[in-house]
Amino acid sequence: MKSMHVRITPSILNANFNDLANEIAKVASDSDLIHLDVMDNIFVPNFTFDFETASKIIRDCPIPIDAHLMVADVDRIGVEYAEIGSNSVTFHIEASEHPEKLIREIKKHGARAGVAIKPNTPFADIANLINQVDMVLVMTVEPGFGGQSFMENQMAKVAQVRTALNSVERDIWLQVDGGISLETIEIATRAGADTFVAGSAVYKADDPAEMVRKLRLLAEKSTEQS
Ligand code: DX5
Ligand code: ZN
């Protein structure tokens, strides 16, 4: 078993959009990356930022950005998010027509490339990409909204991805996104996740930074035990 390094990537989806700089500043020094949910109201029934607004968030963010693209035209938009300086760009396999080309382009612009799967998408749909990506994101809710319940029935898939990643030499991150909280993070860690998006758990907390630290501690503890 390779040693696992825990990463916490707060999602600002449920933060106060009118005061984002301050919302990000609250958690920046305790977090690994800031998770930026980009939705186009086509791939998912919700809209978050236009490209100009997202670019400004990325430019001003004091820590690396983890862009999660829930957009239909991802083969084009994915490259743009790499170009403007996202540290990591994650696309949905369900939306990409040319995933291998997209991964190459994202990396060419110096970003990490991640591939995401929705709850009904099997691991088999991305198994051939494991050798190319830097991160796999297993959604633990239907993408589109924050504040939904964690889908524990996705844990078998997380475990399947973990087994596949363990056979690869490179360090590929395994992220879960949706319903991650103090109640669920250990379940996801035990299944094999090492990178955790937390939106409402962090931004509904009285002290968001303290919540990030608590989530990290719990995940680290269950990593040691597994
Ligand atoms: C949902 C987004 C998530 C969302 C998670 O489609 O991809 O990143 O912000 O929010 P919580 O942690 O509240 O489930
Ligand atoms: Zn997300």
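In this text the structure is predicted, and so the values were computed from the model without any measurement. Each ligand, and each atom within it, is numbered from 1 in the order the structure gives.
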To the nearest 0.5 Å, what is the distance between CD (Q132) and CG (L102)?
-> 11.0 Å
Numbered in order shown, the ligand 1 atoms found under 4.0 Å of a heavy atom of V197 are 8 (O)
Atom 13 (O) of ligand 1: which protein heavy atom is closest, and how many Å away?
-> S200 OG, 2.4 Å
Ligand 1 N/O within reach of G147 N/O, cut-off under 3.5 Å = yes
Short list, please: which atoms of ligand 1 are under 4.0 Å from a heavy atom of H35?
-> 8 (O)
What protein heavy atom sits nearest atom 3 (C) of ligand 1, and how far away is it?
-> D177 OD1, 2.9 Å
Is a donor on one side and an acceptor on the other found under 3.5 Å between the side chain of E186 and the backbone of E183?
-> no
For the atom pair CE (M151) and OG1 (T184), what is the distance rounded to the nearest 0.5 Å?
-> 13.0 Å
Contact atoms of ligand 1, heavy-atom distance to M70 under 4.0 Å = 6 (O), 7 (O)
Do you reckon F17 sits in the same ILVMFWY cluster as V197, going by side-chain contacts under 4.5 Å, direct or chained?
-> no
Looking only at protein heavy atoms, identify the closest one to atom 1 (C) of ligand 1 and say how far it is in Å.
-> F145 O, 3.5 Å
Does a donor on one side chain and an acceptor on the other come within less than 3.5 Å for K157 and Q154?
-> yes
Evaluating non-hydrogen atoms only, which member of G179, A116, G144, S181 is closest to atom 6 (O) of ligand 1?
-> G144
Side-chain donor or acceptor of N46 paired with backbone N/O of G144 under 3.5 Å = yes
What angle, to the nearest 10°, do the atoms OD1 (D37) and NE2 (H35) form about the Zn ion (ligand 2)?
-> 90°
Which residue holds the protein heavy atom closest to atom 9 (O) of ligand 1, what is that atom called, and what is the gap in Å?
-> S11 OG, 2.8 Å
Would one find more than 12 heavy atoms of other residues, nucleotides or ligands at under 6.0 Å from atom NZ of K214?
-> no
Can you find a heavy atom in the side chain of S11 that is under 4.5 Å from one in the side chain of S200?
-> no
Shortest protein contact, atom 12 (O) of ligand 1 (heavy atom only) | G199 N, 2.8 Å
What atoms in ligand 1 come closer than 4.0 Å to a heavy atom of G178?
-> 14 (O)
Counting from 1 in the order shown, the ligand 1 atoms closer than 4.0 Å to a non-hydrogen atom of H68 are 7 (O)
What atoms in ligand 1 come closer than 4.0 Å to a heavy atom of A198?
-> 12 (O)
Report, as yes or no, whether the 6.0 Å neighbourhood of atom CG on N120 holds more than 12 heavy atoms from other residues, nucleotides or ligands.
-> no
Degrees at the Zn ion (ligand 2) between the ND1 atom of H68 and the OD2 atom of D177, nearest 10° | 90°
Under 3.5 Å: donor-acceptor pair, side chain of S167, backbone of A164 = yes
Path from W173 to M155 over hydrophobic side-chain contacts below 4.5 Å = no
So the atoms of ligand 1 within less than 4.0 Å of a heavy atom of P143 turn out to be 6 (O)
Which residue and heavy atom of the protein sit nearest atom 2 (C) of ligand 1, plus the separation = D37 OD1, 3.4 Å
Any side-chain heavy atom of I24 within less than 4.5 Å of one from I12?
-> yes
Just let me know how A201 lines up against ligand 1, side chain, backbone, both or neither, with a heavy-atom cut-off below 4.0 Å.
-> neither
In ligand 1, which numbered atoms sit nearer than 4.0 Å to a non-hydrogen atom of G146?
-> 10 (O), 13 (O)
